Amino acid sequence: QVQLVESGGGLVQAGGSLRLSCAASGLIFTSYSMGWFRQAPGKEREFVAAITWRGSRTYYSDSVKGRFTISRDNAKNTVYLEMNSLKPEDTAVYYCVSDGYPHSDFEPRIAADLGSWGQGTQVTVSS
């Protein structure tokens with residue numbers, strides 16, 4: 001059974017930084033691309049970032065490009081999301097998601113439907 005456990009959320013002022021972590025178990029972590037989604041109150045779920053299973057490619061939504069950095073430590077079965085220059089509109093619950101298939105690039109729609117999800121961690125950015 002796949003388990004993804006996020007941590008690192010919290011309350012931060014606009015312009016500040018946070019680093020989210022996602023510890024994975026129950027899957028061959030090195031075989032799966034990983035990603036982050038977020039959902040703000042009253043809004044649809046939104047893709048944020050992804051990193052391929054080898055860690056060779058990363059993808060970002062336009063809304064976070066240049067401010068957020070996704071990375072992974074395969075020795076620790078952990079994926080990270082470094083968030084800088086945070087804005088109030090970044091306020092959301094952030095979810096870690098594993099890809100739907102091993103050894104593939106992260107396709108957000110497939111991952112959202114077929115991948116495993118963590119329980120989420122709240123990020124609140126005050127103005």
Side-chain angles (χ1 to χ4, degrees):
Q1 182 179 357
V2 178
Q3 275 198 314
L4 303 174
V5 180
E6 301 98 334
S7 61
L11 173 64
V12 64
Q13 287 189 332
S17 300
L18 283 174
R19 187 174 85 152
L20 306 183
S21 300
C22 170
S25 60
L27 78 168
I28 302 174
F29 184 73
T30 53
S31 295
Y32 283 83
S33 296
M34 300 292 295
W36 291 90
F37 285 77
R38 67 186 182 187
Q39 188 164 22
K43 294 190 176 181
E44 291 190 356
R45 183 175 58 196
E46 175 188 19
F47 167 74
V48 176
I51 185 166
T52 54
W53 56 284
R54 284 178 170 154
S56 56
R57 287 189 298 275
T58 56
Y59 306 96
Y60 299 94
S61 68
D62 288 342
S63 60
V64 307
K65 198 173 296 182
R67 299 187 298 120
F68 290 11
T69 302
I70 188 171
S71 62
R72 64 189 296 157
D73 185 339
N74 285 344
K76 295 183 178 180
N77 282 14
T78 300
V79 62
Y80 303 97
L81 186 67
E82 184 77 35
M83 306 185 295
N84 298 315
S85 302
L86 282 161
K87 304 174 181 179
E89 52 263 45
D90 294 318
T91 295
V93 177
Y94 284 71
Y95 298 92
C96 175
V97 182
S98 62
D99 203 355
Y101 300 100
H103 304 133
S104 68
D105 269 1
F106 192 94
E107 207 297 310
R109 283 178 294 181
I110 292 176
D113 288 344
L114 301 180
S116 296
W117 288 69
Q119 83 288 350
T121 185
Q122 176 71 46
V123 171
T124 303
V125 184
S126 63
S127 57

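The analysis underlying the following values was restricted to heavy atoms, covering all of them including side chains, and did not include hydrogens, waters or symmetry mates. Predicted, not measured: the structure shown is a model, and the values here were computed from it.
Rounded to the nearest 0.5 Å, atoms CG (Leu27) and OG (Ser116) are 7.0 Å apart. Between the OG atom of Ser25 and the CD atom of Gln3 there is a distance of 4.5 Å, given to the nearest 0.5 Å. Atoms CH2 and OH, from Trp36 and Tyr80 in turn, are 10.5 Å apart once rounded to the nearest 0.5 Å. The structure places CZ of Phe68 at 7.5 Å from OG of Ser63, a figure rounded to the nearest 0.5 Å. Annotation: the span from Lys65 atom NZ to Thr58 atom OG1 amounts to 9.5 Å, rounded to 0.5 Å.
Criterion: ILVMFWY side-chain heavy atoms under 4.5 Å apart, direct or through other members. Under it, Val97 and Tyr59 are part of a common hydrophobic cluster. Clustering ILVMFWY residues whenever any of their side-chain heavy atoms sit less than 4.5 angstrom apart, transitively, puts Val93 in a cluster other than the one holding Val48. Grouping the Ile, Leu, Val, Met, Phe, Trp and Tyr side chains by contacts below 4.5 angstrom, directly or via other members, places Val79 with Tyr32.
At distances below 3.5 Å, not a single donor-acceptor pair connects side-chain atoms of Gln122 with backbone N or O atoms of Gly9. Judged by distance alone, with hydrogens and angles left aside, the side-chain atoms of Glu6 form a donor-acceptor pair with the main-chain N or O of Cys96 at under 3.5 Å. Looking at Ser98, its side chain never comes within 3.5 Å of a backbone N or O of Met34 through a donor-acceptor pair. Using a distance-only test at 3.5 Å, with no hydrogens or angles considered, no donor-acceptor pair links the side chain of Ser33 to the main chain of Asp99.
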Please evaluate residues Asp90 and Arg38 with respect to the criterion side chain to side chain contact (heavy atoms under 4.5 Å, CB included), reporting the C-alpha separation (whole Å), side-chain torsions for both, the decisive distance (0.1 Å), and the verdict. CA-CA 9 Å; Asp90 294 318; Arg38 67 186 182 187; 2.9 Å; yes
Residue pair Leu20, Thr121: steps toward the side chain to side chain contact (heavy atoms under 4.5 Å, CB included) verdict: CA-CA 8 Å; Leu20 306 183; Thr121 185; 4.0 Å; yes
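Closest approach of Tyr95 to Gly120, counting heavy atoms only: CD2-CA, 3.6 Å.
Contact annotation: the side chain of Tyr94 never approaches that of Gln39 to less than 4.5 Å [non-hydrogen atoms, C-beta and beyond]. Taking 4.5 Å as the limit, every side-chain heavy atom of Asp105 sits out of range of all side-chain heavy atoms of Glu107. Proximity of Arg72 to Phe29: side-chain heavy atoms (C-beta onward) are separated by under 4.5 Å at one or more points.
The aromatic ring centres of Phe106 and Trp53 sit 6.0 Å or more apart.
Counting only N and O atoms by type, the side chains of Thr30 and Asn74 include no donor and acceptor under 3.5 Å apart. Counted by atom type alone, Glu89 and Thr91 present zero donor-acceptor pairs between their side chains at under 3.5 Å.
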